[in-house]
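Report on the structure given below.
Numbering of ligands and ligand atoms starts at 1, following listing order.
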Amino acid sequence: MTSLLQKLSEHVGQAFAAQGLDSAFGRVMVSDRPDLAQFQCNGAMNAAKAAKKNPREVAGAIVESLSAQDIFTQVSIAGPGFINLNISDAYLAAHHAPQGHDPREGVPLFAQGETAILDYGGPNIAKAMHVGHLRAAIIGDSVRRIMTFAGYKTLGDVHMGDWGTHMGMLIGDYMRRGETDIVTQTNINDAESVQALMEDMAIRYPKAAGEAKADPALMQEAQENTVKLQDKAEPYYSLWQMIRRVSVVGMKRNYDALGVHFDLWKGEADVHDYIAPMVEDLKGKGIAELSDGAVVVPVAMPDDKKEMPPMILYKRDGAVMYGTTDMATLVERMKLYQPSKIVYIVDQRQNLHFEQLFRAARKAQIVPGAVELTHAGFGTMNGTDGKPFKTREGGVMRLEDLIDITIEKARARMAEAHVAEDFDATERDDVAHKVAIAAIKFADLQNARQADYVFDLDRLSRFEGKTGPYLLYQAVRIKSLLRRAEKSIDFNASLILDEPDRPLALLLAEFPEAVEAALKNYAPHYLCEYAFRLAQTFSSFYGNCHILSETNIDIRNSRLALCAMTCRQMDIVLSLLGIDIPERM
Ligand code: ARG
């Protein structure tokens with residue numbers, strides 16, 4: 001299916017071609033001055049430069065040939081050679097006609113089932129999940145949904161941190177204090193027992209880590225424990241297995257509350273058996289080398305502007321590093337899944353790590369050039385003081401607590417706005433949860449991925465403004481309108497567009513480009529922007545038009561068809577953002 005912008009670009013491109021100019025110059029965009037025109041084409045300037053002609057003359061010839069076509073109701077030149085365009089309502093209505101039944105709302109398939117692996121979890125076992133894990137989960141899950149919709153076979157991998165020195169510290173602490181029973185006697189099928197171990201680890205780990213950092217002997221011991229664990233020696237390995245199983249229960253609880261899904265529950269430890277053969281192979285090929293007792297892959301290149309340290313595969317004590325497991329994970333991913341893309345949605349402060357990893361993986365030919373490797377980094381979530389988000393006491397806030405306080409806030413906002421007031425408690429709880437998650441996710445996703453943003457609970461929970469709750473409210477409003485009209489909607493109605501319908505009809509045609517921009521840039525904020533404009537444009541349409549009360553049946557049908565399209569796009573776009581819409585509010 002061809003989008004409106006593509007169709008217009010074709011028409012304008014033909015006008016360029018008729019002047020002997022490259023049709024690519026005819027690319028049409030939505031106007032950045034909607035007060036002057038609906039669309040614009042900026043190609044005349046470059047076309048003139050290429051043909052060594054005067055830009056206004058080139059634009060003039062294009063305008064003349066376009067004016068003769070009845071698609072356009074206005075064609076004019078602005079400034080040095082911008083071409084401003086308005087299209088006829090009939091053309092716009094005809095464009096939307098086939099969309100009447102299209103569940104994809106005109107969005108083409110951008111892929112044919114190629115596999116894409118998305119890495120957006122990264123919680124470390126034995127530690128309580130905290131707000132630092134929020135952005136990866138929210139953005140990553142949205143990217144997964146967008147890519148699935150675009151036609152990829154997606155695999156979201158939680159890739160937990162379960163194989164590092166922190167494990168040696170924690171296990172060592174249980175052993176040194178003779179308290180391994182706390183771990184071994186845990187009953188994984190008993191929620192209370194699982195919770196008890198989780199709480200124990202949450203307190204014990206930071207203490208043990210603090211002690212190890214202060215005492216070189218303890219640190220040494222922790223590192224030795226880690227090597228033993230990585231050799232799968234007992235009792236280290238059994239203790240670790242229980243710690244990991246219990247941690248996964250806690251992670252799933254957090255991710256479920258957020259509505260974030262993973263297809264693969266793998267961790268760094270799962271690739272351990274790939275490491276030794278991989279390192280041997282790389283040594284044999286001369287790609288890995290010994291340096292100061294460690295085994296490293298040099299990744300610096302002659303024109304590097306910044307220092308590029310080698311990637312360490314084995315430390316001097318034989319322990320493996322973060323990069324080693326990531327590299328071995330690439331070996332496994334290529335072998336098991338043959339992906340065409342691997343995308344890491346990870347804090348952008350890990351940029352250097354991924355640069356090293358990607359260079360090493362290319363050099364070692366673990367990942368061939370045709371397979372895309374991307375670090376889709378994100379910025380920091382700050383508090384209202386502009387510093388990284390903390391609890392009032394200055395500590396790191398647990399993810400569960402953040403979700404809880406947001407749900408509480410959602411309840412208060414709902415009461416203020418008389419939302420879901422007369423529902424029974426179960427349904428009101430469900431709405432409060434959905435409002436809270438919408439608030440958290442939309443506040444995060446609306447920012448450009450790389451930008452830092454401020455988590456301002458007061459603002460993001462409001463039913464007015466650019467918020468998740470506002471979007472839910474509008475989405476529910478459209479749904480309820482359509483429910484009231486249900487029996488009388490004619491999905492084959494042709495659109496009859498006029499002044500009050502036009503802005504909505506024009507915006508609805510921009511949907512494919514919004515999805516494409518989000519897909520190409522791993523950037524859900526394009527969809528947030530679109531959703532917000534859709535909600536606002538719908539809201540003024542609703543205010544300016546008679547819909548159910550319209551007496552002209554053809555116009556009524558046309559308006560209901562626009563409402564149905566809006567509803568479908570809202571459904572799609574919110575589901576791509578991972579936001580659930582309540583049935584009613
Ligand atoms: N566990 C890591 C951390 O806490 C994040 C893992 C991200 N994914 C990856 N494949 N490196 O920083």
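- Listed by first and then second residue, the salt bridge (charged side-chain N to carboxylate O under 4.0 Å, His left out) pairs involving residues 128-142 are Arg135-Asp444, Asp141-Arg144, Asp141-Arg145 (not counting sequence neighbours).
- With sequence neighbours left out, the ring-ring contact (aromatic ring centres under 6.0 Å, His included) criterion links Phe262 to Tyr120, Tyr255, Trp265.
- Closer than 4.0 angstrom to ligand 1 sit non-hydrogen atoms from Asp119, Gly122, Asn124, His159, Tyr322, Asp326, Tyr344, Val346, Gln350, Phe354.
- Residues that satisfy the salt bridge (Lys or Arg N to Asp or Glu O under 4.0 Å) test with Lys285, not counting sequence neighbours, are Asp281.
- Two residues are said to be in side-chain contact when any heavy atoms from C-beta on lie closer than 4.5 Å; Gln348 and Arg449 fail this criterion.
- The aromatic ring centroids of Phe455 and Phe389 lie less than 6.0 Å from each other.
- Aromatic rings of Tyr236 and Tyr174 (six-membered ring for Trp) have centroids beyond the 6.0 Å cut-off, not under it.
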